[in-house]
Amino acid sequence: MAEVSLTLPDGAVRKYEAGITGAQVAADISKSLGKAAIACAINGAFSDLSIPINADSDFAIYTNKDEPQALELFRHDAAHIMARAVQELWPDVQVTIGPVIKNGWYYDFDRDEPFHEDDLKAIEKKMREIINKREPIRTEIWDRARAIQFYKDNNEPYKVELIEGIPGDEDLRMYWHGDWQDLCRGPHLAHTGQVPGDSFKLMSVAGAYWRGDSNNKMLQRIYGVGFRNKADLKAHLFMLEEAEKRDHRRLGKEMNLFHLQEEAPGMVFWHPNGWELYRILQDYMRRRQREDGYLEINTPMVVDRKLWEASGHWEKYRENMFTTEIDDQHANDKRTNALKPMNCPCHVQVYNQGLKSYRDLPLRLAEFGSCHRYESSGSMHGLMRVRGFTQDDAHIFCTEDQIASETKKFVDLLKRVYMDLGFSEFKIMFSTRPEVRGGTDEVWDKAEKYLEDAVKKLDMPYTLDPGEGAFYGPKLDFKLTDAIGREWQLGTLQADFVLPERLDAEYIGEDGQKHTPVMLHRATLGSFERFLGILIENYAGKFPLWLAPRQIVVAAIVSDADEWVHEVVARLKAKGLRAEADVRNEKINYKVREHSLGKVPVILAVGMREVEDHTVSMRRLGEKGSKVLGIDEAVEALVAEATPPDMK
RNA sequence: GCUGCCGUAGCUCAGCGGUAGAGCACUCCCUUGGUAAGGGAGAGGUCGGGAGUUCGAUUCUCCCCGGCAGCACCA
């Protein structure tokens, strides 16, 4: 019998007969390890314990304690166990795929009857039964023909389709526990009992298209979350509750910022508090852009379809545009207009007024452009995805040689803005030509090259995202990370060599000849609506003083202090602070609670002591105690704190 | 757009084939209280819209609108 030598992570070498399995090695090392082992690595490749080892290898054992591997296996096996549970409960169900995702897994099923949330409990129960059986998980390697025949015999057409879609003629790995079988790349645990039965939970049922294609049948997807132990599961569920508390739709209601209603789906009704916040942000952006040489313009919201035809949007995005038809009596005809879905064609119209010289470039035209897009009903979500929104948009008309310096300038602006608004981290994605696109390959070669040069000169890391460019040009996207670790794609910079030409933008170069400028589409926040949604969630509504729509409430403790309350409010307002008086017939406890729930950052409580001493008792949101300050001292401190970062 | 669920007072929600209820908010009265809910009284609803079944529909069925969770889409 041939011998294999296995090198363990600590450098020790053990010799076994060829064909020994990982499980046997683990048991040989120690009895407890034999029990604890859940999988192994053979020459670094994640593998089942049951696979025979026939060559000298590096060898490592994984147990419950090995974080990424253990989680991967638990979730993966839980997905399979869930599929088995579902098939045991409803034998007519066909199984498809069930991958591991962040925090858990899902599995897609085909069944005529819909699953209901109540069914999840029954499935969970069945899963625990399967786990408690501690059945060994077996694997075999089959050739394609045999596997296809097997699934045809078992009436599992989705599996047949999956196998037929796997390229090449590689053999397939088949897994079993009990009588239940699935096709899988593996690896898996040694037995079902290794899945922690008390630290998973089925979360929801939802539709999902077979293979992610909306032309295909919609299947039913069940989502689960799973962890190594109960405490981790509890922590995760707690985190979900916390995330729900900072949901901008909820906070928007609690802080009285905005509302949405049936008559205008996807269009925001901003309330005074919300609009204050909106304007604070817009004023800030306006100052930052002015500082950077942008010229602010404003262009029409309703524009004849001819312009959209010329720009190419009509052909590609007609379905998503709001249109209006009016009878034009003079032309004796109907005119079709579209609500602008974006600002660029209009900006080119402004550019085109008057002959431009190379001396005019770069020309940076900015607009807080109000746009409308007919988003599909299912995609709308609070402020995050709406049908009416305002972009902090700008188009930089420049020469090819200016692309790099303008990109640098823009990224510097982004950094400043994101920092000021409380985001310290962002990533850059570089997206290249998509399959459906405007312009020739020659133009794309050029656009990609210039933009790549520009991003390289930034001296910042970036990730390539092939095929994700805009239809008129390659782009850089800027993704930032919020306070609870979620990523949001915000800023964008798109190099466009196509649209200026389509819309006849030109300039006279140094050589006296006409040239077509390059157009850089760029946005920092994206849309104000979406950004405010993100901002609300990032701060959980507890804005820094300069952003808070309601900054200070001055609350009377006794009604004899009302006069002093009004005077304090007047002094704060005179310094530009957003202050309100609360002289209602309520106790201070009540007022403090209410304004704390309303996320007002500063409460100045005023009783007879403060009246006599000309002081205020300052309480900060989220803090327990209060601090008595002289009025002048308090005003000065608040003014300093409330000054926007760009004005300090 | 697709699948599933949901739509009752300003808000959060209970109810359910016989014509509607709670807490908070609101209005008034009492209370002047020192940092997260003082007490009492009152007012408030074509039960998302339309059609059908029924003696009778907020409740059952169908259609439409809107929302939620996913999927698809996102210039």
Side-chain angles (χ1 to χ4, degrees), chain A residues 106 108 113-119 203-223 247 249-250 253-254 256 259-266 308 311-321 340-345 371 373-382 384-386 391 434 436-438 468-473 475 489 492 494 496 499 521 526-527 530 555-562 583 585-598 603-610 617-628:
Chain A
Y106 65 78
D108 288 347
E113 282 286 296
F115 290 116
H116 295 283
E117 304 275 325
D118 313 341
D119 296 330
M203 303 298 284
S204 60
V205 194
Y209 296 109
W210 168 236
R211 301 199 139 180
D213 184 338
S214 59
N215 296 313
N216 289 343
K217 183 169 183 182
M218 182 156 275
L219 306 171
Q220 299 189 64
R221 176 172 297 178
I222 300 179
Y223 285 92
D247 187 310
R249 291 167 299 185
R250 177 182 176 140
K253 219 172 255 175
E254 288 173 6
N256 195 10
H259 85 270
L260 296 149
Q261 70 182 49
E262 258 190 64
E263 287 78 359
W308 308 112
S311 70
H313 291 100
W314 189 263
E315 193 194 352
K316 191 153 194 299
Y317 295 107
R318 165 79 193 85
E319 293 289 293
N320 295 304
M321 287 161 81
K340 74 174 167 189
M342 54 182 358
N343 306 297
C344 29
C371 298
R373 294 179 187 174
Y374 188 81
E375 299 287 357
S376 66
S377 57
S379 67
M380 290 189 291
H381 180 88
M384 301 297 195
R385 186 93 174 261
V386 287
Q391 292 178 318
V436 184
R437 57 179 181 263
E468 292 300 313
F471 91 105
Y472 47 69
K475 62 176 180 172
Q489 188 189 306
T492 183
Q494 308 170 353
D496 184 355
L499 201 60
H521 305 242
S527 95
R530 178 162 175 272
I557 296 170
V558 293
S559 50
D560 284 345
D562 288 1
V583 293
N585 176 17
E586 296 291 352
K587 290 197 174 185
I588 193 65
N589 287 313
Y590 183 95
K591 295 180 183 181
V592 165
R593 176 180 154 83
E594 192 178 271
H595 297 126
S596 298
L597 290 173
I603 298 173
L604 301 180
V606 166
M608 289 320 287
R609 290 205 293 275
E610 286 75 15
S617 168
M618 188 187 295
R619 182 199 164 100
R620 313 291 310 221
L621 180 60
E623 285 175 21
K624 271 272 167 263
S626 59
K627 203 162 121 192
V628 176

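Listed by chain and residue number, Asp247(A) satisfy the salt bridge (charged side-chain N to carboxylate O under 4.0 Å, His left out) test with Arg249(A) (two or more places apart in sequence, or in another chain). Remark: Gln220(A) pairs with no residue by the side-chain hydrogen bond (donor to acceptor under 3.5 Å, both in side chains) rule, at least two apart or across chains. The side-chain contact (heavy atoms from CB on, under 4.5 Å) test applied to Asn589(A) returns no partner, not counting sequence neighbours. Residues satisfying the side-chain contact (heavy atoms from CB on, under 4.5 Å) test with Val386(A), not counting sequence neighbours, are Val268(A), Phe389(A), Glu529(A). Gln261(A) pairs by the side-chain contact (heavy atoms from CB on, under 4.5 Å) definition with His259(A), Glu263(A), Phe269(A), not counting sequence neighbours. With sequence neighbours excluded, no residue satisfies side-chain hydrogen bond (donor to acceptor under 3.5 Å, both in side chains) with Tyr590(A). Taking Arg609(A) as the reference, nothing meets the side-chain hydrogen bond (donor to acceptor under 3.5 Å, both in side chains) condition, with sequence neighbours excluded. Every residue meeting the side-chain hydrogen bond (donor to acceptor under 3.5 Å, both in side chains) condition with Arg385(A), not counting sequence neighbours, appears here in chain and number order: Glu375(A).
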So what is the 5' to 3' dot-bracket string for RNA chain B, if pairs are Watson-Crick or G-U wobble with both distances under 3.5 Å, crossing pairs use [ ] and | means the partner sits on another strand? (((((((..((((....[..)))).(((((.......))))).....(((((..]....))))))))))))....

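Residue Leu597(A) contributes atom CG, which lies 9 Å from atom C1' of A37(B) at whole-angstrom precision. Separating the CG atom of Leu604(A) from the C1' atom of G34(B) is a distance of 14 Å, rounded to the nearest angstrom.
For Ser376(A) against A72(B), a side-chain-to-base donor-acceptor contact under 3.5 Å is present. Evaluation of atom-type donor-acceptor distances gives no pair under 3.5 Å for the side chain of Glu375(A) against the base of G1(B). No hydrogens or angles were tested; on distance alone, a donor-acceptor pair under 3.5 Å links the side chain of Arg385(A) to the base of C74(B).
If you check C71(B), A69(B), U35(B) against the side chain of Ala208(A), the one that comes closest is C71(B).
For the pair Tyr317(A) and A75(B), the ring geometry qualifies as stacking, because the centroid separation is below 5.5 Å while the planes lie within an angle under 30°.
Of the C1' atoms belonging to A57(B) and G15(B), the separation is 15 Å, rounded to the nearest Å.
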What N/O pairs connect the protein and nucleotides 24-29 of chain B at under 3.5 Å? Give each pair on its own line.
unit_1, atom_1, unit_2, atom_2, d
A25(B), OP1, Tyr590(A), OH, 3.1

Taking only nitrogen or oxygen atoms into account, show me every contact under 3.5 Å that the protein makes with nucleotides 11-13 of chain B, one pair per line with its distance.
unit_1, atom_1, unit_2, atom_2, d
U12(B), OP1, Lys253(A), NZ, 2.9

Classify every nucleotide of nucleotides 4-9 of chain B by which part a protein heavy atom approaches to under 4.0 Å, writing B for the base, S for the sugar-phosphate alone and - for neither, in 5'-to-3' order. SS-B--

